[in-house]
Structure formats: C-alpha cells, structure tokens
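Everything below concerns the one structure shown next.
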There are 2 protein chains.
Amino acid sequence: MGPMCEEGPGGGGMHGGRPCCKRAGGAGRGALVEPAALAALLNKAGHGYDLRREIREITGGELEVDAGGLYRVLRRMEEEGFVTSVWAESDSAPQRRDYALTAEGRDLAEDWVAHLRERERLSGVLADALSSALKAETAHGEEAVDE
Amino acid sequence: MGPMCEEGPGGGGMHGGRPCCKRAGGAGRGALVEPAALAALLNKAGHGYDLRREIREITGGELEVDAGGLYRVLRRMEEEGFVTSVWAESDSAPQRRDYALTAEGRDLAEDWVAHLRERERLSGVLADALSSALKAETAHGEEAVDE
DNA sequence: GACGGATAGATGTAGCACGCATATAGTGCG
DNA sequence: CGCACTATATGCGTGCTACATCTATCCGTC
C-alpha cells in the first residue's frame, strides 16, 4: 500500500491482533484514485505513468496510487466519456496513451470536490465522537479522578 | 442508502450519466460502520438495534447505518475479541444481545481516531487540489479574464 | 382472533474500490 | 545477454457497503 498505513500517528497495531488499518484496507479510505486522477489531469494532461507522478506531487507524496488501478480507472472514465485518449505518436519510447479531460470530466471533478468535502466532514464528526467518548471514559472510569 | 447522497451540496448528477456518488457507492466513504459502532458502544453499551439509534444521534443524524451490516460488524468484532455479548435475560421482549466493549476494543477505538483523522486530512488535501485546479482552469481558460 | 407494524437479530447477494502479483514490450546500460 | 526503467494492462483476492429477505416476538387495533 502507499504511505499512510505505515506512518500511522498512534502507531496502531498492538492490541487485539489487527489494527483498524486492516479493516480499512482495500477501499478503506473511500474512492481516491478517480478524484486523484482528475486532479492530475486538471493540472497537466499526459499519459498514465506521468499522471501517477503528478498525483504523488500534488498530494505532497501522501498518496501513491497503484499503477494498475490508475490505468483501470482511466480506461473506465474514458468509456464513460470523462476523459479522452490518443496514442502518442513518438518513434522511440514505449507506446503511451495521452489523456485529456472532457467537459463532463470537469463537471465530475466538481462533484468530487463536494463529495470529498462531505467525506472529510463525516470523518471528522466520527473522529470527534470517538475521541470525546474515549476521553469521557478515561476520566471517570480509570482512577475516579473526582471531577 | 443513508442521508448523504441525497443531500449532496452541489446537487451532483447531471453531466455524463453517473455522479461521483455512484462511483463512491458501496464502500465509497471508507469503513464507517465499525468506528460508528465503537463510538456508540463507548457512549452506551447496549444491543444492536439500540446502538443503531445511538449512532444516528451521535452523528447528528448524518450517519444511518444498515441494520444488517451493523449486526455483521458486531459479530465479527466479537470473534476478534473487541466486544463481548450476552443474551439479555428478559422474559418478554424479543431476544436481544447486549454488547460491551473490551479493553482491546477501546484500543481499537483509539486506532480508529487516528485513522479517521488521516482520512479526514487526506480528503481535504485532495479536495483542495481539485478545487484549486478547477479554479485555475476557469480563470485563464474560460474568458481570458486577463490577470 | 387475525393483521400489520415495531422491535430484534441474521443471512444472501451484488457492486465498487483497492493492493499485489504478473504479463507484455521497448529502451538503454554494462 | 541480463537488468532496470518506462509504459500499459489484466487476474485475483479482500474488504466494506447497500438492498432484499427471513425468522421471531411483542403490541395495538379492527
């Protein structure tokens, strides 16, 4: 996986057997590849392998998408009309396919902004609920700190 | 589905054919049921059907988890030692199973806080990248607004 | 007393997203 | 030639979710 499960703040992973990361594995963080690809395409159209670097850059190295997954997403978005692609006509280098966003793709990106903001907010709400509940429990349950 | 895809801010869904919500369907928002269940259990141990209401309350009605999914998650967490359950000994009402958190479950909740904060941050980073790229594009591409 | 609705728990199924491994092919290097 | 890097693509397994369905017990009502 990319960086994120390794650099977990609390160093999660030494209680029951599997940290929550495991549970959140796979699609655990929600759809990220598609919006990341859209962001990369908005910044600079190009071929898949390059978009992957672009994604790494615009997220400050925090999101490293799987190459295979990225190609899959690009092809699917093309089928759906959100991007277009043409085989780059270079003589030497390995064949590469240059992608560009369509108008629908731009609209899709706007939808994603709203959706990601929602996810951001919801994650925060849940994290707050969890941490405040944890705080409350330790306060009156651990040592009876009076209060 | 729960409330969230309906009340989408931008009213996403009128371009290519399917809004990003569709793509994010299923596990799109990442794992939410497990942390929500943990939060509910921290606030007030009880039986599944009740935890579902608790979840609705602590999230301000924003998260409405699927009943079936909640039971599944509870059973699995029990298998893994994060919660325990006993059949409530009531004469009348339908049989219910009372759940309680274990020490490992509390640790798991702590892991989830960190993980959810990470997800929150990452969603924000991506949303920022997308929206700033969108802004930049409309600025110099739409009407050549000078500047 | 039959009937629908709420409570309570559980399972089956389908879909989407992801990570990892693997296959292909050209290019440059030692 | 072996090896690494660029570039694209597919197969496979896992995880999480939503929707439909099934059981069973109450309770109020007609």
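Just so it is clear, the values below take in all heavy atoms, side chains as well, and ignore hydrogens, waters and symmetry mates. A, B, ... follow the sequence lines: proteins, then strands. Residue 1 opens every chain.
Against DNA chain C, the stretch residues 39-50 of chain B makes heavy-atom approaches under 4.0 Å through B/His47, B/Gly48, B/Tyr49.
The side chain of A/Tyr71 contributes an N or O atom lying less than 4.0 Å from OP1 or OP2 of D/dT8. A close approach under 4.0 Å does not occur between any side-chain nitrogen or oxygen of B/Arg96 and OP1 or OP2 of C/dT7. At the phosphate of D/dA9, OP1 or OP2 sits under 4.0 Å from a side-chain N or O atom of A/Arg97. Residue B/Arg53 places at least one side-chain N or O closer than 4.0 Å to OP1 or OP2 of C/dA8. The side chain of A/Arg75 contributes an N or O atom lying less than 4.0 Å from OP1 or OP2 of D/dA9.
Legend: residues meeting side chain to side chain donor-acceptor pair (under 3.5 Å) with B/Arg52, ordered by chain and number and at least two apart, are absent. Scanning for side chain to side chain donor-acceptor pair (under 3.5 Å) contacts around B/Asn43 gives an empty result, with sequence neighbours left out. With sequence neighbours excluded, the residues satisfying side chain to side chain contact (heavy atoms under 4.5 Å, CB included) with B/Asp50 are B/Lys44, B/His47, B/Arg53. With sequence neighbours excluded, the residues that form a salt bridge (charged side-chain N to carboxylate O under 4.0 Å, His left out) with B/Arg76 are B/Glu34. Listed by chain and number, the residues in a side chain to side chain donor-acceptor pair (under 3.5 Å) with B/Ser131 amount to none (sequence neighbours excluded).
If you find the closest nucleotide of DNA chain D to A/Asp98 and to A/Arg72, the one lying nearer the 5' end belongs to A/Asp98. Looking at which nucleotide of DNA chain C each of A/Gly69 and B/Gly68 is closest to, the 5′-most match is held by B/Gly68.
C/dA10 atom P lies 12 Å from atom CG of B/Leu51, rounded to whole Å. Atom CE in A/Met77 sits roughly 15 Å away from atom C1' in C/dC16 (whole-Å rounding). Between B/Leu74 atom CG and C/dT11 atom P the separation is 13 Å, expressed in whole Å. Separating the CG atom of A/Leu32 from the P atom of C/dC16 is a distance of 18 Å, rounded to the nearest angstrom. A/Glu64 has its CD atom 15 Å from the P atom of C/dC18, to the nearest Å. Rounded to whole Å, atom P of D/dT17 lies 15 Å from atom CZ of A/Arg29. Taking atom CG of residue B/Asp66 and atom P of nucleotide C/dA8, one finds them 17 Å apart after rounding to whole Å. In this structure, B/Ile55 atom CD1 and D/dA18 atom C1' are separated by 15 Å, rounded to whole Å.
Residue contacts shown for A/Arg76 are limited to sugar-phosphate atoms, with no base heavy atom under 4.0 Å away. Residue contacts for A/Val33: at a heavy-atom cut-off of 4.0 Å it reaches the sugar-phosphate backbone alone, with no base atom in range.
In this structure, B/Asp66 does not pair ionically with B/Arg72, as no charged nitrogen and carboxylate oxygen lie closer than 4.0 Å. By the 4.0 Å N-to-carboxylate-O rule, B/Glu120 lies too far from A/Arg121 to be salt-bridged with it.
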